[in-house]
There are 2 protein chains.
Amino acid sequence: MAVGPGTKVRGSTSGRPIMVLLDLLGRRWALRMLWELRAGPLNFRQLQTACGDISPTVLNTRLAELRDAGIVAVSGEGYLLTQQGGDLLAALLPLNDWAEGWAGSISAAGTRDRP
Amino acid sequence: MAVGPGTKVRGSTSGRPIMVLLDLLGRRWALRMLWELRAGPLNFRQLQTACGDISPTVLNTRLAELRDAGIVAVSGEGYLLTQQGGDLLAALLPLNDWAEGWAGSISAAGTRDRP
DNA sequence: CCTCCTTGCTACTAATTATGTAGCATCTTT
DNA sequence: AAAGATGCTACATAATTAGTAGCAAGGAGG
């Protein structure tokens, strides 16, 4: 197993699931890949394109990690979220709304620290 | 501003807020830092320790990015989440539950390769 | 069978980022 | 004044990511 609950990861030897998850999702393109898979399966090159022509090296590495983690799976249709992956994505969807509000507030106030 | 809505980021020239956010949170330690700040302010070295003795170089870089993004701020008490940062964290809290379920399901189903 | 695509992915090098350690400058406390 | 803390910079090394090329396998069409 590359990464999964119980694994020792950067910054935590405890293997606490949340730590493992934060490490996994903190790797480049991982979050974006989940995001791009939200609408349904994509094959390797489609996913690559969706992520802005990410290099196939990282894409493949990340895919392996996410598959090992049981978040992504392969099918005849291409790569897709597992049931669990879908649940994870659902937990991430609110980020979109937050980001929209963020955009509004920053372009309005544009500063670095809040009172 | 280093990174914020409207910025061009890796994999997206659109500057769509969600893309900028996913890029920002996808940098090493960013998610973890937010997580560790959930309970209240921490000073530089406390935060460093909380993140498992992350190197001060990255810590400082990430802090600057998160401050530029209006997610983290400094006060006499140390580094803390802004109002917005708090909202973002709130959106991320469900990940903890998800991760717990993840741990359970993987150790129960023992899919890929666990002893 | 033979080409010509498409697809998933490996190879390899260059560039960017992160790690790890040391230590300085600035307070605060004793 | 001396002895911590604290926030951070410097710098060398290691690890990760980017970028590009291209191969092996499979399918469609001829």
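A note on names: the letters A, B, ... follow the listed sequences, proteins ahead of strands, and every chain is numbered from 1.
- For B:Arg10, the salt bridge (Lys or Arg N to Asp or Glu O under 4.0 Å) partners at least two apart in sequence or on another chain are B:Asp23.
- Residues meeting the side-chain contact (heavy atoms from CB on, under 4.5 Å) test with A:Thr49, sequence neighbours left out: A:Asp53.
- Side-chain N/O atoms of A:Trp29 include one lying less than 4.0 angstrom from OP1 or OP2 on D:dA18.
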key: side chain to side chain contact (heavy atoms under 4.5 Å, CB included) evaluation trace for A:Trp102 with B:Asp87   = CA-CA 10 Å; A:Trp102 182 44; B:Asp87 292 345; over 6 Å; no

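- For the atom pair CG (A:Leu31) and CE (B:Met19), the distance works out to 11.5 Å, reported to the nearest 0.5 Å.
- Only at 4.0 angstrom or more do the heavy atoms of residues 16-23 of chain A sit from any atom of DNA chain D, so none qualifies.
- On the nucleic acid side, DNA chain C contacts chain A at distances under 4.0 Å to non-hydrogen atoms, with the end points of that region at C:dT7 to C:dT19.
- Taken to the nearest 0.5 Å, the CD1 atom of B:Ile54 stands 9.0 Å off from the CZ atom of B:Arg32.
- In this structure, CG on B:Leu21 lies 10.5 Å from CD on A:Glu100, to the nearest 0.5 angstrom.
- A side-chain donor-acceptor contact under 3.5 Å links B:Trp98 to the backbone of A:Gln84.
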query = Are B:Val72 and B:Leu80 close enough, and set up right, to give a side chain to side chain contact (heavy atoms under 4.5 Å, CB included), and what steps lead you there?
reply = CA-CA 6 Å; B:Val72 163; B:Leu80 42 74; over 6 Å; no

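- For DNA chain C, no neighbouring residue in residues 34-52 of chain B is found when judged by any heavy atom under 4.0 Å.
- Sequence neighbours left out, not one pair with a member in residues 70-82 of chain A passes side-chain hydrogen bond (donor to acceptor under 3.5 Å, both in side chains).
- The side chain of B:Arg28 contributes no N or O atom lying less than 4.0 Å from OP1 or OP2 of D:dA15.
- Qualifying salt bridge (Lys or Arg N to Asp or Glu O under 4.0 Å) partners for A:Arg62, counting only residues two or more places apart in sequence or in other chains: A:Glu65.
- A rotation axis mapping the C1' atoms of four pairs onto the next four is fitted at both ends of the helix from C:dC1-D:dG30 to C:dT30-D:dA1 over five pairs, and the angle between these axes is 30° to 10 degrees.
- Against DNA chain C, the stretch residues 53-63 of chain B makes heavy-atom approaches under 4.0 Å through B:Ser55, B:Pro56, B:Thr57, B:Val58, B:Arg62.
- The environment of CD in A:Gln83 is sparse: at most 12 heavy-atom neighbours from other residues, nucleotides or ligands sit within 6.0 Å.
- The side-chain hydrogen bond (donor to acceptor under 3.5 Å, both in side chains) test applied to A:Arg16 returns A:Ser14, not counting sequence neighbours.
- Remark: B:Trp35 pairs with no residue by the ring pair (Phe, Tyr, Trp, His ring centres under 6.0 Å) rule, at least two apart or across chains.
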Which atom pairs, donor and acceptor, lie under 3.5 Å between side-chain atoms of residues 88-95 of chain B and protein residues at least two apart or in another chain?
none

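- Interatomic distance, CE of B:Met33 versus CG of A:Leu22, reported as 12.5 Å (0.5 Å rounding).
- If you measure from atom CZ of A:Arg10 to atom C1' of D:dA14, you get 13 Å, rounded to the nearest angstrom.
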